[in-house]
Participant: 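Below you will find the structure I want to go over with you.
Predicted model only: the values in this text are computed from it and were never measured. Side-chain atoms are counted along with the backbone in the values below, which use heavy atoms only and exclude waters and symmetry mates.
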Amino acid sequence: MWGIRSRAWRSVCAAGLVVQLLVWVAGPTAEPAAAHPLPLPGGDAVRVEVDTSRDTGPLPPVAGVVTGSRTPDVARLAPLQPRFVRVDASIDRMYDCTTGRLDTAALAVLDEHVDRILAVGGEPFVTYDYMPECLAAPGGLRLFGPTRRPPADPALWEAAVAELTGTLVSDRVQRGAVPVRYFETWNEPDWFPFYDGTLTQFVHGIFLPEARVVVAEEARSGVDLRFGACSCFFADDRWIDTLIAAAESRGLPLDFVSWHYYANVPFLGPDGLEPFAGPEFLPIYRILGRRNPFANPSVYEQQARRYRTRYPGRELIMSEWNLSSGGFDRRNDTHEGAAFVTATLIAMARGGLDGATLFRLTDHWTHDASGRPLPILKGDWGLIDLTGTPKPTWHAAAAWGSLPDRLVETVSPDPARSGVWAIAARDPSTGRTVVLAASFSALAPHAHRLKLVLHGVDAASSDITLRRIDSNHTGADAPTTVARAAADEPGAARGHGTSTTFDLDLPRQSVLVVEVTPDHRQPAVLH
């Protein structure tokens, strides 16, 4: 009888969850709907001009990943050149309620994970969550258990956070290891599945104790630590403003603003309910499990620009993002997902984000919400599937990792309307230039003709290669070498003095990487 009542209660709560989602996303802090890409009049080509002589600054460090586990798979991140690698601290799983301390073996596992992140050149980015059951305050709906509750005694939470932080900072400094510098409060506290309490309880019971820990640990270790919030479910001004005000009024740090965004919001992934929610959510999922035709990577640029104005002087970090949340999305396994990842990274760079972490490195789920086995490819979020095979999205992220460190001027039509995102970067010491272009549209995907003009590049004395991710190429294919050819030869590089022009096909939902390296090998003819 209790099980029936419990399932019914969970179903009622699930309905409330959906209402909360729709109200939040449709509320005053929601992003304006971006114009949708449509074919250009008369079938005109999208023209992208790159001036390799005009350095426009460093490549924004938006390449980053959420690991999702503490396994050696982190080594697979090396080609992606991530800045941040986000790790949930999972304090609820490390805390020993009998001793009131964190388990030393679990701390050692986390410490080794930090070493692996540093070994691939990443910056560990640790999120303080969740609440040990024995520390959780009574009450609440407890739909997802007591670990989402605020603490009954904030001092005990503060002690647990202090022990974790000391292990990752002072203890590492003392033995000559690189310390963790970035710490983020909780995970999506403004979204009921991950925090079951009020904003006031969060400020006083969780956020302020964590901020005090960071201040104390910085003084103890001498390391410049960075603390931020709110790792919100979306760009939630109310929560962020409240936390900033609480920190500033007490002279405590809030060094960066972090939030999440999944482009398919307010809908859930269209290809099956994420199993963590449980079968009680299936009736709601049947309503919301669909594609949002207005999903557009340009929203990420809009959010970054808005927060750059709203929160000047603070780092802006999109600490979780992907195409869909809450439900599987098979686009994550295909060239379509790769096109979305590439277009979004370009949009983030255009918006000037200081960091971003894609959810996530490896697939996780083996069974659906009803306990039935799932196929290997089912729309899970990883860049790598459960067999260890990189997906097209991994190759898209690796293409971003191949970009040189300096951006050069790139002029192209508004991607929110054209459906084509482009960026170019150059290594000043070698002259190597890489252009990355993506075609993506959730509403009206279509092929494009791309006219790419590289100023300051002489086709006659350069190696030029193309790499594609589309319905015929996974991204693992060897790059194709482009011929230096006469102006009337289609598909080749045409030289005009110190400029080179390409007339290229850019299929629907695809990625194109053009790499130019001066004075190397003699290229073969393009087949």
Participant: Under the side chain to side chain contact (heavy atoms under 4.5 Å, CB included) test, which residues partner Asp55, sequence neighbours left out?
Facilitator: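 Applying side chain to side chain contact (heavy atoms under 4.5 Å, CB included) to Asp55 gives Arg406.
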
Participant: Using a 4.5 Å cut-off on heavy atoms from C-beta on, say whether the side chain of Phe440 contacts that of Pro297.
Facilitator: yes

Participant: I'd like to check Phe233 versus His260 (side-chain heavy atoms, cut-off strictly below 4.5 Å). Are they in contact?
Facilitator: no

Participant: Can Glu336 and Arg291 be said to form a salt bridge (Lys or Arg N to Asp or Glu O under 4.0 Å), step by step?
Facilitator: CA-CA 13 Å; Glu336 189 169 355; Arg291 292 190 182 195; 3.5 Å; yes

Participant: For side chain to side chain contact (heavy atoms under 4.5 Å, CB included), just list the numbers for Phe183 and Leu168, CA-CA rounded to whole Å, side-chain angles, deciding distance to a tenth of an Å, and then say yes or no.
Facilitator: CA-CA 10 Å; Phe183 295 92; Leu168 298 179; 4.1 Å; yes

Participant: So, the side chain of Arg360 versus the backbone of Thr67: is there a donor-acceptor pair under 3.5 Å, distance only?
Facilitator: no

Participant: Listed by chain and number, what are the salt bridge (charged side-chain N to carboxylate O under 4.0 Å, His left out) partners of Asp88, not counting sequence neighbours?
Facilitator: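 Listed in chain order: nothing, the list is empty.
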
Participant: Has Tyr182 got a side-chain atom pairing as donor or acceptor with Glu123's backbone, closer than 3.5 angstrom?
Facilitator: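 It does not hold such a pair.
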
Participant: Please test Arg467 against Asp477 for salt bridge (Lys or Arg N to Asp or Glu O under 4.0 Å), starting from the C-alpha separation and ending with a verdict.
Facilitator: CA-CA 7 Å; Arg467 187 185 294 275; Asp477 317 72; over 6 Å; no

Participant: Using the ring of each side chain (for Trp, its six-membered ring), is Phe227 parallel, tilted or perpendicular to Tyr128, with breaks at 30° and 60°?
Facilitator: tilted

Participant: Is the side chain of His113 donor-acceptor paired with the backbone N or O of Pro72 at a distance under 3.5 Å, no angle test?
Facilitator: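 No, the answer is negative, given that no donor and acceptor are paired below the 3.5 Å cut-off.
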
Participant: May I ask you to check whether His455 and Thr52 show a side-chain donor-acceptor distance below 3.5 Å?
Facilitator: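 There is no such pair between these side chains.
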
Participant: With the threshold set at 4.0 Å, does a side-chain nitrogen-carboxylate oxygen contact exist between Arg181 and Asp224?
Facilitator: yes

Participant: Can Lys391 and Asp363 be counted as an ion pair, charged N to O under 4.0 angstrom?
Facilitator: yes

Participant: Looking at the rings of Tyr285 and Phe267, which for Trp means the six-membered one, are their centres under 6.0 Å apart?
Facilitator: no

Participant: Restricting to pairs with a member in residues 337-356, which pass salt bridge (Lys or Arg N to Asp or Glu O under 4.0 Å), not counting sequence neighbours?
Facilitator: Glu301-Arg350, Arg308-Asp354

